[in-house]
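Lettering follows sequence order; numbering is per chain, from 1.
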Amino acid sequence: MVFLWRTLSCYLFLREKISQVKNSKEKAEGQRRRVTLRIIEELKTEIKEVLMNGLESAKAAGLIQYTKVPEYIIEIPREKTHGDFAANVAMLMAKEAKMPPRKIGELLVAQMEILGSNIERVEIAGPGFINFFLKKDWLYRVPKIIFQMGDQYGSVPLGGGEKVQVEFVSANPTGLLHMGNARGAAIGDSLANLLQFAGYEVTREFYVNDAGNQIHLFGRSLDARYREALGETIEFPEDGYHGEDIALSAKRYLEQYGDALLKEEEEVRCKTLADFALKEKLSHIESTLKSFGVEYDVWFSERSLYENGKIKDTIDCLIKEGQAYEKEGAVWLKAPEGSEEKDEVLIRSNGLPTYFAADIAYHRDKFQRGFDRVINIWGADHHGHVARMKRAVSLFGTDPDRLIVILMQLVRLMRGEEIVRMSKRAGTYLTLEELLEEVGYDAARYFFVMRNPDSQMDFDLELAKSKTSENPVFYVQYAHARICSILRQAKSLGYSLPDPLSLDYSVLEDDSELALLAKLADLPEEVANSALTLEPHRLTVYLHDLAAAFHLFYTNCRVNTPEEELRNPRLALAKATALTIKNVLTLLGVSAPEEM
RNA sequence: GCGCCUGUAGCUCAGGUGGAUAGAGCAACGGACUUCUAAUCCGUGUGCCCGGGGUUCGAGUCCCUGCAGGCGCGCCA
């Protein structure tokens with residue numbers, strides 16, 4: 001009876017979910033995303049129920065004493081021989097129950113009712129793990145779910161529509177994009193994709209530093225080149241931008257608008273030229289990033305904070321609250337009470353706000369725009385700014401934990417053994433454009449996102465150029481291309497794939513087939529974990545494992561066999577794998593080629 | 001001096017909330033294509049997880065400390 005009920009309810013549950021998915025196909029994206037089937041999660045829940053019921057029975061029978069069940073986990077063991085899932089609860093209870101973990105496990109398992117569940121058998125192993133071996137049926141649900149979900153397979157309703165902003169790259173608009181920006185672009189964009197896939201409402205933002213000191217200097221450098229082009233002998237600003245691009249910008253202005261600017265005041269000349277060149281630079285940055293697969297929702301101008309008075313308002317507010325004060329002609333932000341930190345300048349004695357002041361106003365504005373969480377991706381050289389910024393946010397009543405800064409360690413460029421010293425002034429740095437030309441779009445994206453932002457990375461150009469096959473991205477892409485090839489082959493043999501939802505998958509019994517199914521089922525959990533920890537690089541680990549599982553399946557099992565009962569489920573399995581690979585590659589901004 | 005990050009195989013790196021025999025790629029060596037793409041698969045590792053303490057049933061993971069490398073500590077951004 002229990003068995004029947006469980007089977008029936010499970011079936012009804014599945015039917016309901018599937019019909020939800022079916023109906024939702026015509027509905028909006030957002031609604032589609034809410035429908036998700038996390039098999040692994042369901043199974044864990046079921047195991048927990050069985051486990052807890054057993055534990056209560058054991059307690060009721062006076063076999064095990066405890067007051068509270070400790071925080072235990074259900075994990076997927078690395079070793080196949082350790083079962084499909086394992087629980088560590090017996091080991092955690094040992095102390096209070098005053099019994100060896102294995103003994104607890106035995107008593108517990110004896111009280112468990114597994115009849116009618118997905119559990120086939122249970123074992124006690126090692127120091128006291130309770131290992132669960134499941135019936136294979138659950139695996140055969142996997143392909144159907146993947147086909148139901150389509151390009152949404154793997155998405156999870158984790159975020160519940162929480163509004164998250166991801167601000168990344170925000171490169172200095174006076175120059176070109178370098179390797180650090182490239183890393184930030186790959187990580188930021190993948191993270192944004194990932195969060196979106198995990199049910200968050202994501203806004204991608206680029207903060208344009210089009211104000212302040214550097215723009216002033218930028219303008220003066222341009223002005224010098226402009227006048228130089230008109231035959232004047234010039235004195236180049238001491239800390240000016242020496243790059244050739246500056247001179248070229250000035251020349252282009254001259255060609256378009258002539259020499260009329262000479263009659264204007266220096267300040268007007270500088271501002272006009274700076275505006276002209278900034279526009280050029282920004283559109284160049286935008287198109288370069290676009291060619292790297294990155295597009296923004298918002299380009300936020302720092303200058304706008306000056307023009308609409310938000311910086312002034314922010315500082316006034318701080319003064320009013322007694323957090324800032326005037327001294328020696330400057331305005332200072334007080335360090336926290338009792339801390340060893342120094343007070344920070346907000347407005348210089350020359351009357352101009354500092355970058356920090358603008359950034360406070362900027363972050364205040366971010367939260368005023370209603371984001372629940374704000375994620376900034378910064379280079380490690382900005383880490384000194386993090387604590388300050390969090391504190392500044394808290395001064396306006398925002399919980400500083402809502403501001404998350406992901407610091408990336410810097411990228412070191414190598415040519416073989418030799419370190420390439422990057423210098424903007426000398427113009428000896430590699431731009432993102434050049435990188436794309438040398439290494440290629442997919443490899444660059446994958447390479448950057450593969451590594452944990454915390455680790456500093458060497459980018460060896462010679463390696464990247466000479467042996468591109470070393471890059472793991474090809475391993476994954478090849479799996480996808482192979483599947484497409486199988487499907488093409490099937491078509492040319494006249495094999496058509498019937499509705500994958502009506503197939504019987506239980507003929508898939510080879511170890512490599514079962515392993516592949518299990519790996520496919522794992523994606524929603526991987527997405528959830530990666531989104532929770534804000535670590536898109538985990539997805540590359542998953543992709544590699546998935547591709548490996550497929551390559552093994554490919555080697556061991558022939559898909560296009562004449563036996564229809566075997567061929568059809570295998571074709572469907574292959575197709576489901578391709579779909580899954582493509583979904584994850586898309587999150588990483590990498591293409592899924594059909595041929596290689 | 002203070003702060004942040006890092007230290008895992010020859011090299012490049014993975015190792016959610018502590019779990020069972022620490023993994024992968026590359027490189028090296030030996031096998032597997034008359035069969036859906038060999039950019040693949042299978043096999044071969046003698047790793048003081050930087051050192052030293054500690055926490056506990058159990059530590060690469062947590063705490064303390066030392067060493068080494070990177071990066072910050074501006075009226076720069």
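The base of B/G72 does not come close enough to the side chain of A/His382 for any donor and acceptor atom to sit less than 3.5 Å apart. Taking 3.5 Å as the limit, the base of B/A20 and the side chain of A/Asn131 contain a donor-acceptor pair of atoms between them. Scanning atom types as modelled, no donor and acceptor separated by under 3.5 angstrom connect the side chain of A/Ser485 and the base of B/C36. Interface remark: the A/Asp381 side chain does not form any donor-acceptor pair with the B/G72 base, using a distance-only criterion of under 3.5 Å.
Distance A/Phe550 CZ to B/A38 P: 11 Å, rounded to the nearest Å. Rounded to a whole Å, the CE atom of A/Met408 is 14 Å from the P atom of B/G72. In this structure, A/His383 atom NE2 and B/C71 atom P are separated by 12 Å, rounded to whole Å. Atom-to-atom, NZ of A/Lys342 to C1' of B/C75 comes out at 12 Å; the value is rounded to the nearest Å. Between the CD1 atom of A/Ile483 and the C1' atom of B/A39 there is a distance of 15 Å, rounded to whole Å. If you take CE of A/Met91 and P of B/A59, they are 13 Å apart, rounded to a whole angstrom. Per the geometry, CD belonging to A/Glu302 stands 12 Å off C1' belonging to B/C76, to the nearest Å. The OH-P distance, from A/Tyr241 to B/C76, rounds to 14 Å in whole Å.
In this structure, B/G70 shows a glycosidic angle more than 90 degrees from zero, which is the anti conformation.
Pairing of B/A59, defined by two Watson-Crick or G-U wobble distances under 3.5 Å, is not identified with any nucleotide. The partner of B/A28 is B/U44, judged by Watson-Crick or G-U wobble contacts that both fall below 3.5 Å. The pairing partner recorded for B/C36 is none, the criterion being a Watson-Crick or G-U wobble arrangement whose two distances lie under 3.5 angstrom. Using Watson-Crick or G-U wobble geometry with both donor-acceptor distances under 3.5 Å, B/G72 finds its partner in B/C2. In this structure, B/A22 forms no base pair with any nucleotide, since neither Watson-Crick nor G-U wobble geometry is met with both distances under 3.5 Å.
Contact annotation for A/Ala86: base contact, defined as any heavy-atom pair under 4.0 Å involving a base atom. Among the protein residues, A/His82 comes within range of the nucleic acid bases, having at least one heavy atom under 4.0 Å from a base atom. Counting non-hydrogen atoms under 4.0 angstrom, A/Gln456 reaches a base of the nucleic acid. As judged by a 4.0 angstrom heavy-atom cut-off over every strand, A/Asp454 is placed among residues touching the sugar-phosphate backbone only. Nucleic acid contact class of A/Ser455 (heavy atoms, under 4.0 Å, all strands): sugar-phosphate only. Counting any heavy atom pair closer than 4.0 Å across all strands shown, A/Val541 reaches sugar-phosphate atoms only and no base atom. Residue contacts for A/Ile73: at a heavy-atom cut-off of 4.0 Å it reaches a base atom on one of the strands shown. Across all strands shown, A/Arg570 has no heavy atoms under 4.0 Å from either base or sugar-phosphate atoms. Residue A/Ala574 is out of contact with every strand shown, counting any heavy-atom pair closer than 4.0 Å.
Exactly one of A/Phe459, A/Phe474, A/Tyr441 qualifies for a ring-ring contact (aromatic ring centres under 6.0 Å, His included) with A/Phe447. That residue is A/Phe459. Tested against A/Arg482 for a side chain to side chain donor-acceptor pair (under 3.5 Å), the candidates A/His551, A/Gln477, A/Glu595 yield a single pass: A/His551.
Positionally, the nearest nucleotide of RNA chain B for A/Asn452 lies more toward the 5' end than for the other of A/Asn452 and A/Ile486. The 5' end of RNA chain B is approached more closely, in terms of each residue's nearest nucleotide, by A/Ala548 than by the other of A/Ala548 and A/Tyr355.
Stacking of A/Phe129 onto the six-membered ring of B/A20 is present: less than 5.5 angstrom between centres, less than 30° between planes.
Comment: A/Glu513 engages A/Arg570 in a salt bridge, judged by a side-chain N to carboxylate O separation of less than 4.0 angstrom. By the 4.0 Å N-to-carboxylate-O rule, A/Glu167 lies close enough to A/Lys366 to be salt-bridged with it.
Rounded to a whole angstrom, the distance from the P atom of B/G18 to that of B/U56 is 15 Å.
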> Does the pair A/Asp343 and A/Tyr325 meet the rule for a side chain to side chain donor-acceptor pair (under 3.5 Å), with working shown?
Replying inline: CA-CA 10 Å; A/Asp343 294 357; A/Tyr325 62 93; 2.5 Å; yes

